[in-house]
Peer 1: 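This structure is in structure tokens; I'll ask about it shortly.
As the structure lists them, so they are numbered: ligands from 1, and atoms in each ligand from 1.
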Amino acid sequence: MPRSLVFSFTSCNIYNSQFIFLISSINHLTIYVKGTYESFRWGILFSHPSDFTPVCTTELARVMNLLPEFKKRNVKVIGLSCDSISSHTEWCKDIKCYGGYNEEYKFPYPIIADNDRALARKLEMMDMDELDPAGIPLTARAVFIVDPNKKFRLSFLYPATTGRNFDEILRVLDSLQLTDKAKVATPVDWKMGDDCMVLPTLPEDQVTKVFPQGVTVVPLPSGKNYLKKTSCPKI
Ligand code: BEZ
């Protein structure tokens with residue numbers, strides 16, 4: 001489980017949409033953006049230290065290029081950066097250019113304008129080791145994944161100096177969506193289609209019924225038969 005977030009209600013300015021409300025109780029996070037996001041299924045909030053910085057520009061361009069992959073997985077994305085809407089508007093021209101789009105292309109997802117880092121502080125996204133010229137901690141590179149039940153499912157927190165791997169974020173989404181539907185867990189470096197692990201909590205007498213395609217028990221020195229592999233279930 002991700003760490004808990006506890007705050008009640010927040011609204012903030014947002015580039016490319018009207019406004020956003022985030023409502024959270026322990027382990028539940030609702031991201032509600034008026035208009036397009038009213039009925040989102042899965043949601044990802046990803047944060048950035050500030051506009052017009054090199055790593056952030058590459059990340060936001062990558063998200064733009066990956067939108068068809070997020071759409072396939074029924075995921076809406078929303079960025080956050082600690083500058084104003086007018087700054088985001090100018091910065092998006094650079095992001096589009098870096099991502100290979102021309103100026104006429106409409107920037108395709110919203111970015112929260114967290115000018116005073118109030119939201120980043122509330123969501124515990126600060127990188128205490130990276131300070132801006134005024135000595136204020138920068139916002140870290142956080143990723144929050146929220147499921148269709150508004151349940152907060154996963155958080156990553158990267159330092160400001162390390163860009164994220166968005167292929168890993170897609171991989172994690174695939175694992176979350178698969179393991180919600182099938183009684184499996186996904187092993188190290190798993191990718192969609194690879195063999196999965198039978199859930200160790202599944203009672204022994206149900207294994208054959210749940211996995212008619214077969215299960216391979218991997219022999220181990222302990223003699224315990226807890227490591228059972230099965231082919232990736234179709235979902
Ligand atoms: C960047 O996005 O390039 C960046 C931002 C803040 C600190 C370090 C790198």
Peer 1: Can you tell me the protein heavy atom closest to atom 4 (C) of ligand 1 and the distance?
Peer 2: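 The closest heavy atom on the protein side is R141 NH2, 3.4 Å.
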Peer 1: To check you understand the geometry: which heavy-atom pair defines the closest contact between M126 and A120, and what is its length?
Peer 2: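 That closest heavy-atom pairing would be SD-CB, 3.7 Å.
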Peer 1: Look at atom 3 (O) of ligand 1 and say which protein heavy atom is nearest, naming residue and atom and giving the distance to 0.1 Å.
Peer 2: V55 N, 2.7 Å
Peer 1: For residues K96 and E103, report the shortest heavy-atom separation together with the two atoms involved.
Peer 2: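 Closest approach of K96 to E103, heavy atoms only: NZ-O, 2.9 Å.
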Peer 1: Under 6.0 Å between ring centres: does that hold for Y109 and F107?
Peer 2: yes
Peer 1: Could I get the full list of side-chain hydrogen bond (donor to acceptor under 3.5 Å, both in side chains) partners for S86, not counting sequence neighbours?
Peer 2: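 In terms of side-chain hydrogen bond (donor to acceptor under 3.5 Å, both in side chains), with neighbours along the sequence ignored, S86 is linked to S84.
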Peer 1: What is the nearest protein non-hydrogen atom to atom 8 (C) of ligand 1, stated with its residue, atom name and distance?
Peer 2: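 In this structure, atom 8 (C) of ligand 1 has A160 O, 3.8 Å as its nearest protein heavy atom.
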Peer 1: Which bit of P54 is near ligand 1, meaning a heavy atom under 4.0 Å away: side chain, backbone, both or neither?
Peer 2: both
Peer 1: For the residue pair H88 / D51, report whether a side-chain donor-acceptor contact shorter than 3.5 Å exists.
Peer 2: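 Judged by distance alone, the side chains do pair up.
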Peer 1: State whether the shortest distance between N or O atoms of E130 and N or O atoms of ligand 1 falls below 3.5 angstrom.
Peer 2: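 For ligand 1, there is no N or O atom that lies under 3.5 Å from one belonging to E130.
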Peer 1: Quick one: which ligand 1 atoms are inside 4.0 Å of a heavy atom on L138?
Peer 2: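 Answer, ordered by atom number: 6 (C), 7 (C).
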